[in-house]
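To keep things clear, I will list the structure first and then write my remarks on it.
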Amino acid sequence: MKKYSPQEIEQHLYENWESNGYFAPSGNGKPFSIMIPPPNVTGTLHMGHAFQHSLVDALIRFRRMKGDRTLWQMGTDHAGIATQLIVTEQLQAHGIKPADLGREKFLEKAWEWKHTSGGTISRQLRRLGASLHWETERFTLDEGLSRAVLEVFIRLYDEGLIYRGKRLVNWDPELKTSISDLEVESEEEKGYLWHFRYPLAEPVNGQEYVIVATTRPETMLGDTAVAIHPDDERYRHLVNQEVILPLCERRIPVITDPWVDSEFGSGCVKITPAHDFNDYDMGTRHDLPIINIFHVDATLNEKVPEQYQGLDRFEARKRVVEDLESLGLLEKVEEHTMTVPRGEKSGVPVEPYLSDQWFVKIKPLAEPAIKVVEEGDIEFIPKNYENNYFAWMREIQDWCISRQQWWGHRIPAWYDNEGNIYVAHSEEEVRSKYALADDLPLSRDEDVLDTWFSSALWTFSTLGWPAQTEELEIYHPSDVMVTGHDIITFWVSRMIMMTLKFMGEVPFRKVYVTGLVTDSEGQKMSKSRGNGLDPLDIIDGITLDDLVAKRTENLMQPRMAKRIEQMTRKEFPDGIPTYGTDALRFTFYAIATRSRKVRFDLNRVEGYRNFCNKLWNAANYVFVNTLDHNHSGDAMEPGPVDRWILSELNNTIGAVEYAMDTYRFDLAAKAVYEFVWDELCDWYLELCKPRLADPNTTEAQLRGTRHTLLSVLETTLRLAHPYLPFITEELWQQVPTTIRNSGETIMLQGFPEARDELVDEEATADIAWVKQVITGTRNIRGEMNISYGQAIPVKFYNGNEQDKARLAKYERLLEFLIKAESFEWLDPSDTIPLSATHLVGDMQVLVPMSGLIDKEAELSRLEKEITRKQKDKERAESKINNPDFVAKAPHAVVQKEKDKLTDLVTALDQLEEHKSRVAAL
RNA sequence: AGGAGCGUAGCUCAGUUGGUUAGAGCGCCGCCUCGACAAGGCGGAGGUCCUCGGUUCAAAUCCGAGCGUUCCUACCA
């Protein structure tokens, strides 16, 4: 058998699975479905995806093996803004402006890009082992999904739940489109607070000007009022006065409004209704003029004095400040930290901007969506994310769904010359629906819908809606949605709302919220930080130079390259070795705790690669000892060791099952890991060796043990398959069909079932005793520095009948594993030789000291043990001497404590006695 | 400002309904090529479970306050 080498097995196994159609739902079991959160079609797989999809694949493989009719629906998202941005950049690299190209040509380019790069993410998902149902793959812009989108839009419009309106929206001047509240990211930044003097039209009581403070001087060109708090005594005399807006020389009123915070700045605030959300509200309240001073790219328009027209907003800011200063109107400038809203995709500050947009009236949709979570029809895991959800949903604002872009679902609305709006699937339908004359000129709305509008329909649109398909009938609602917490508001909440509205049922029953994958320092992985890892580089490995090149290419800030290179060379001096998919996946399960941050550390991957290797070698050992021998047949006598491991395996199956039911992937991984490494490898395989090697073992006994070896291995492989799909398949194929089902793939075998009859208390207690005897002598060897080359005499003293029976039963096994020269029971009348000792219950295991044992070492070993036990004894005593404890604690707890104390007392007696005899030496 | 989470070994984290000798991985120290595995084996060191107070016979676990930290939402002229 070859060495464990993931790259040799993984890829061809996946191709085999896929070509055999194993990923398709099959059978007549209970339906189980998960819809993939559609990745950006032109994107690549990042760690967050790899993490999420690994978790889902384990769930899917688990349910499939359990016999469910399991569908993992594949699909991709057109990712409107992100994709349009990439295509635009590509065109610009060739000196082409999208505007020169025009809408149709641009879209052709975008589709071309989709076709060339769309395969990347699929290839990556395959490398991850994701058992997705590829045959029904969907795309948010494909014909079927587009039909669903139009249908939803039209129905909502006809119901009055979608409307068009002129509103202040978040505007991205770089992308020249509106974006939703969620697509705005606010970060604290350092800036300035400028205090300006606005001259009063008529001096009042000798006061000639008021001071207003602003962080955005350029917007003053659109001011239409100055506001103060109605109770502010300092300014009471200015109410109903006017100021002359500098630079514009416009007379604007001083108004009062309770929103004004008298404590901030001068307590007097300039009002720019067209360029600030609060000012807009106030402008509406006070019927102020709304002067929009920006073009779509946030350069100043013709509403401002000529010298500022055409200036960029930041340039205008500088000029306004200079000009006011030279007019003597700059009172002072303070440093000021504030949160600057930036476009998620473009990174530039977002501008509140007045424009015509489409909105979803969201409250009526939100109410039922809140209710289903309150009533438990949808359950979040962990549950506390429901708080986030409720908080968002209860405060939810109408959703701006129009984007001034080309790549996306074009809004199915037409206008006549009077600006009347007509909404239907097509222009023909518009004419018939609204009974319009054939020659009435109509023009279609230029905008497209927010990407999340189509994603909101994902669970049912992928299954064929609005057609009433069989798939929809069987697989909807889906069972669980696995996603990051950052996407609850963007997507999860909107899916719930839209699905309730159009399907009359929930989109999924559970939302499993994963943590956010960060680097080993807890930093978010990002291109600009240069700390990102490509999952494929962990699977396949990468040289240091390639990794550095990858991390430093196409940086937004090229000056960071040097730091990123240094950091990378320090962290990965040898690059990244080939770890394989199984190791990467197992790492994901192991770190999938309930924590909201998930630190990814390559040391963990290495550890789990080693785990795969361990499993590989263990299987190798099992095969070597069984395949060419009789390992099954009528007469099989498994021994207690065999019964013990079956019992342990059975417990592990239960633990894994429980972990999967509660979405604790970390605990599932831990149970598998500990069983394989600690019980199977460290103990069972070792405990079998004496039996297999002993010439006195009967054929039936040999068969029993060999059969158990193979069958435990085979069951373990099925147990581990959802987490380690490749290595388990590779090994399972080598298990003879005398042991396993004759099926073609482990993927479609039954998941192991916990069976009560396999629990064997007697064998478990026996082996626990055996382990203690072995561990005790190992401890003596370790501390006394007695090498395993040297056989040791072992004596037993003060054992009870059970100890004696057990020693007789396991004598050969113990001799073999302890490397004992001899075993001997000592009678109470015997002179006890000076020895190193270890207690197993009341029984002393003694290794005589002659020539082997260092007196001082044994004394300090004893001292340590005595101190430990003494502490335990004191603790137990204080409990038992407490009458309240004895009176109030459950009887079992009290009894347990009493037993413990009795044991400790005898143990201490023996240790003390032993110590004094060693000391007397 | 409001809300939420977290604080356990040097590091990263488990620890179910309160009763465990408080665990794991990595790291650290010592020994070992013994026929599955050095990507390994065996042994070992290492903890004021953030602090204070409360509830309880009993608190890492429940409650309150504080400190530290992270995140979300809103606002910041």
Side-chain angles (χ1 to χ4, degrees), chain A residues 1 3-4 181 186 188 193-194 212-216 219 226-227 259-261 264-272 276-279 336-339 382 384-385 387-388 390-392 395 485-486 488-489 516 520 522 577 579 583 590-591 593-601 603-604 606-625 658 662 664 666-667 670 673-674 678 681-682 685-686 689 774-775 778-789 819 864 868-869 871-872 875 879 882-890 892-894 896-897 900 904:
Chain A
M1 184 148 152
K3 204 174 152 64
Y4 171 59
D181 299 352
S186 293
E188 276 215 337
L193 189 60
W194 285 270
V212 297
T214 181
T215 55
R216 300 207 46 198
T219 63
V226 163
W259 173 81
V260 178
D261 177 3
F264 190 91
S266 61
C268 186
V269 57
K270 61 191 267 314
I271 302 299
T272 322
D276 181 282
F277 288 100
N278 289 309
D279 291 7
H336 183 67
T337 30
M338 55 196 171
T339 47
N384 51 291
Y385 282 105
N387 293 329
N388 279 13
F390 288 136
W392 166 254
E395 296 297 317
H485 69 89
D486 50 332
I488 292 175
T489 48
L516 195 75
S520 59
Y579 287 121
I591 63 179
T593 66
R594 282 196 195 135
S595 144
R596 39 175 72 218
K597 244 196 204 176
V598 173
R599 295 196 196 211
F600 188 87
D601 189 338
N603 288 328
R604 299 291 294 264
E606 186 180 342
Y608 296 119
R609 190 271 319 260
N610 295 353
F611 174 65
C612 292
N613 186 51
K614 188 78 178 171
L615 178 61
W616 183 267
N617 286 316
N620 176 30
Y621 171 82
V622 170
F623 291 145
V624 164
N625 281 284
Y658 179 75
T662 50
R664 289 301 304 269
D666 59 327
L667 299 183
K670 193 179 176 197
Y673 183 96
E674 286 178 350
D678 299 344
C681 293
D682 285 352
L685 297 187
E686 296 305 319
K689 283 176 184 171
I774 293 172
T775 308
R778 278 177 182 170
N779 178 283
I780 291 170
R781 276 185 187 273
E783 304 247 327
M784 297 297 150
N785 257 321
I786 305 168
S787 87
Y788 276 83
K819 291 242 160 69
K864 217 158 54 188
R868 207 164 10 212
K869 289 215 154 49
K871 233 184 256 170
D872 291 345
R875 199 169 9 214
K879 280 186 185 174
N882 177 352
D884 282 335
F885 172 73
V886 179
K888 293 185 183 173
V893 175
V894 177
K896 198 173 142 196
E897 211 60 41
K900 195 162 94 187
L904 284 167

**Study point:** Interatomic distance where CD belongs to A/Glu897 and P belongs to B/G19 [whole Å]
**Key:** 12 Å

**Study point:** Protein-nucleotide distance (A/Trp392, atom CH2; B/A74, atom P), rounded to Å
**Key:** 7 Å

Exercise for review: Describe the nucleic acid contact of A/Leu193 in one word from base, sugar-phosphate, nothing, applying a heavy-atom distance below 4.0 Å.
Suggested key: sugar-phosphate

Practice item. Look at all strands and tell whether A/Val893 reaches a base, only sugar-phosphate, or nothing, counting heavy atoms closer than 4.0 Å. Key: base

Quick one: list whatever passes salt bridge (charged side-chain N to carboxylate O under 4.0 Å, His left out) with [X], sequence neighbours left out.
X	result
A/Glu674	none
A/Asp666	A/Arg664
A/Lys864	A/Glu783
A/Lys869	A/Glu865

Would you measure the distance from the [atom1] atom in [N] across to the matching atom in [M] and give it in whole Å?
N	M	atom1	answer
B/U73	B/G15	C1'	32 Å
B/C13	B/U8	C1'	9 Å
B/A14	B/G7	C1'	15 Å

Review point. Base, backbone or nothing for each nucleotide of nucleotides 3-17 of chain B, written B, S, -, heavy atoms under 4.0 angstrom, 5' to 3'?
Key: --S------SSSSB-

Review point. Once each nucleotide of nucleotides 36-44 of chain B is scored for protein heavy atoms under 4.0 Å, what B/S/- sequence comes out, 5' to 3'?
Key: BB-BSSSSS

Practice item. Apply side chain to side chain contact (heavy atoms under 4.5 Å, CB included) to A/Lys896 and list each qualifying residue two or more places apart in sequence or on a separate chain. Key: none

Point to revise | Pairwise distance OH(A/Tyr579) to SG(A/Cys612) - rounded to 0.5 angstrom | key: 12.5 Å

For [X], all residues meeting ring-ring contact (aromatic ring centres under 6.0 Å, His included), sequence neighbours excluded:
X	answer
A/Tyr385	none
A/Phe611	A/Phe586, A/Tyr673
A/Tyr4	A/Trp616

Would you list the atom pairs, donor with acceptor, under 3.5 Å between side chains in residues 882-890 of chain A and any protein atom, with sequence neighbours excluded?
unit_1, atom_1, unit_2, atom_2, d
A/Asn882, OD1, A/Asp884, N, 2.9

Under-3.5 Å N/O pairs linking protein and nucleotides 54-58 of chain B:
unit_1, atom_1, unit_2, atom_2, d
B/C57, OP1, A/Lys888, NZ, 2.5
B/C57, O2', A/Asn882, ND2, 2.9

